[in-house]
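Please read the structure below before turning to the comments.
Basis for what follows: all heavy atoms, side chains included, without hydrogens, waters or symmetry-related copies. Computed from a predicted model, the values in this text were never measured in an experiment. Residue numbers run from 1 in the order of the sequence given.
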Amino acid sequence: MNPQEQLEQRGKFRMTVFEEEHFQGKSCEFSFECQNILERDFRKIRSIKVENGPWVGYEYPEFQGRQFILEKGDYPCYQAWSGNGSYRTEHMLSFRPIKCANHSDSKITLYECEDFMGRKFEMCEDYPSIQAMGWCSKEVPSIKVNSGAWVGYQFPGYRGYQYIFERDRHEGEYRCYNDFGTQAHTNQIQSMRRIQQ
């Protein structure tokens, strides 16, 4: 990335991480991805302020483990980003910006079988329960992102494990649940929403 592109990206994405809860302790501002916060002499991340752009945080270095959506706002403690499910974790050791998010132009296709086979359903809106909108299963075996970026949740009401689906990663194609992320143990997705810019 040349210096001009770095300046342009800096305005689009900005996040400050803190080593302690409630924005205390050591802090560092980022406008680019961080593959391992431990290499920046941090022991952990306990609070976050997202000023610009959506980000995805990961439980472990090198973008591994559970995923956490981080949209504009304040996250005073780990519970604020790890969701309202029963799978909370205090670890977030890597993160990156989500560059293709476009809330007003997002489209995703769900498939009833792996490799984009079987019945399909296209979505352009947020659904707190995809079963309530007509999907006949708790599982989504494959997904194609036509535009934008989405977050899928394990349970209805945007709860449980989070999976980030982006048009500009995997060419927007998630052929099986193993493509959802390194923490994916099942293809269970019961709610989905567009990621906010």
query: Side chains of Asn102 and Ser147: is there a donor and an acceptor less than 3.5 Å apart?
result: no
query: Are Phe95 and Ile48 close enough that some pair of their side-chain heavy atoms sits under 4.5 Å apart?
result: no
query: Tell me, do Tyr174 and Val145 make a side-chain contact under 4.5 Å, heavy atoms counted?
result: yes
message: Check this for me, if you would: do Arg119 and Glu112 make a salt bridge, where the nitrogen-to-carboxylate-oxygen distance has to be below 4.0 angstrom?
response: no
statement: Here the gap from Cys124 atom SG to Lys107 atom NZ, rounded to the nearest 0.5 Å, amounts to 5.5 Å
query: Does a salt bridge link Glu125 with Arg194, judged by any charged N lying under 4.0 Å from a carboxylate O?
result: yes
- line: Tested for ring pair (Phe, Tyr, Trp, His ring centres under 6.0 Å) against Tyr153, the lone hit among Phe180, Phe165, Tyr158 is Tyr158
query: Where the side chain of Ser94 meets the backbone of Asn36, is there a donor-acceptor pair that is under 3.5 Å apart?
result: no
- line: For Phe68 and Trp81 the tightest heavy-atom approach is CD2-O, 3.5 Å
message: When you measure from the side chain of Gln24 to the backbone of His22, do you find a donor-acceptor pair of N or O atoms at a distance under 3.5 Å?
response: yes
- request: Taking all heavy atoms of Gln154 and all of Gln190, pick out the closest pair and write down the distance.
  value: O-NE2, 3.2 Å
Pro76 vs Phe23 side-chain heavy atoms within contact, under 4.5 Å: yes
- prompt: Are any side-chain N or O atoms of Glu19 and backbone N or O atoms of Ile45, one a donor and one an acceptor, separated by less than 3.5 Å?
  reply: no
Donor-acceptor under 3.5 Å (Gln196 side chain, Glu71 main chain): no
field: Flag side-chain contact, heavy atom, 4.5 Å: Ile164 against Arg169
entry: no
query: Between NZ of Lys144 and OG1 of Thr109, what distance do you get to the nearest 0.5 Å?
result: 7.5 Å
message: Could you check whether any side-chain heavy atom of Val56 comes within less than 4.5 Å of a side-chain heavy atom of Val151, counting everything from C-beta outward?
response: no
field: Thr186 vs Tyr177, side-chain contact (heavy atoms from CB on, under 4.5 Å): CA-CA, chis, key distance, verdict
entry: CA-CA 6 Å; Thr186 177; Tyr177 76 88; 5.6 Å; no
- request: Scan for ring-ring contact (aromatic ring centres under 6.0 Å, His included) pairs involving residues 121-149, sequence neighbours excluded, and state none if there are none.
  value: none
message: Nearest 0.5 angstrom please: Asp179 CG to Glu114 CD, how far?
response: 9.0 Å
- prompt: If you measure from CE on Met117 to CZ on Arg175, what distance do you get to the nearest 0.5 Å?
  reply: 10.5 Å
message: Surrounding CD of Glu122 (heavy atoms of other residues, nucleotides or ligands, distance under 6.0 Å), is the total greater than 12?
response: yes
message: Run the side-chain hydrogen bond (donor to acceptor under 3.5 Å, both in side chains) test against Arg40 and tell me which residues pass, sequence neighbours left out.
response: none
message: When you measure from the side chain of Lys26 to the backbone of Asp41, do you find a donor-acceptor pair of N or O atoms at a distance under 3.5 Å?
response: yes
- prompt: So, does Gln131 use its side chain to make a donor-acceptor pair with the main chain of Pro156 at under 3.5 Å?
  reply: no
field: For Ile189 against Ile130, the heavy-atom pair lying closest together
entry: O-CD1, 3.2 Å
- prompt: Of all heavy-atom pairs between Ile98 and Glu166, which one has the smallest distance, and what is that distance?
  reply: CG2-OE1, 3.4 Å
query: Which pair of heavy atoms, one from Ser106 and one from Ala149, lies closest together, and at what distance?
result: OG-N, 4.1 Å
Verdict with reasoning, Ile143 to Trp150, per side-chain contact (heavy atoms from CB on, under 4.5 Å): CA-CA 11 Å; Ile143 293 174; Trp150 295 75; over 6 Å; no
- prompt: Got a donor-acceptor contact below 3.5 angstrom from the Ser27 side chain to the Phe18 backbone?
  reply: no
- line: Of all heavy-atom pairs linking Phe116 and Glu173, the shortest is CZ-CB, 3.5 Å
query: Do the ring planes of Tyr163 and Tyr161 sit parallel (below 30°), tilted (30 to 60°) or perpendicular (above 60°)?
result: tilted
Side-chain donor or acceptor of Gln64 paired with backbone N/O of Glu62 under 3.5 Å: yes
message: Quick check: is Tyr111 connected to Ile108 through a chain of hydrophobic side chains (ILVMFWY, heavy atoms under 4.5 Å apart)?
response: no
Spatial distance of atom NZ (Lys49) from atom CG (Leu70) [nearest 0.5 Å]: 14.0 Å
- request: Decide if atom CE of Met133 counts as having more than 12 heavy atoms of other residues, nucleotides or ligands within a radius under 6.0 Å.
  value: yes
- request: Look up atom NZ in Lys138 and atom OG in Ser129, then write down how far apart they are to the nearest 0.5 Å.
  value: 10.5 Å
field: Partners meeting side-chain contact (heavy atoms from CB on, under 4.5 Å) with Arg46 (sequence neighbours left out)
entry: Glu21, Lys44, Tyr78, Glu90
- request: Mind running side-chain contact (heavy atoms from CB on, under 4.5 Å) on Glu20 and Arg43 for me, showing each step along the way?
  value: CA-CA 10 Å; Glu20 300 300 332; Arg43 292 175 292 134; 3.3 Å; yes
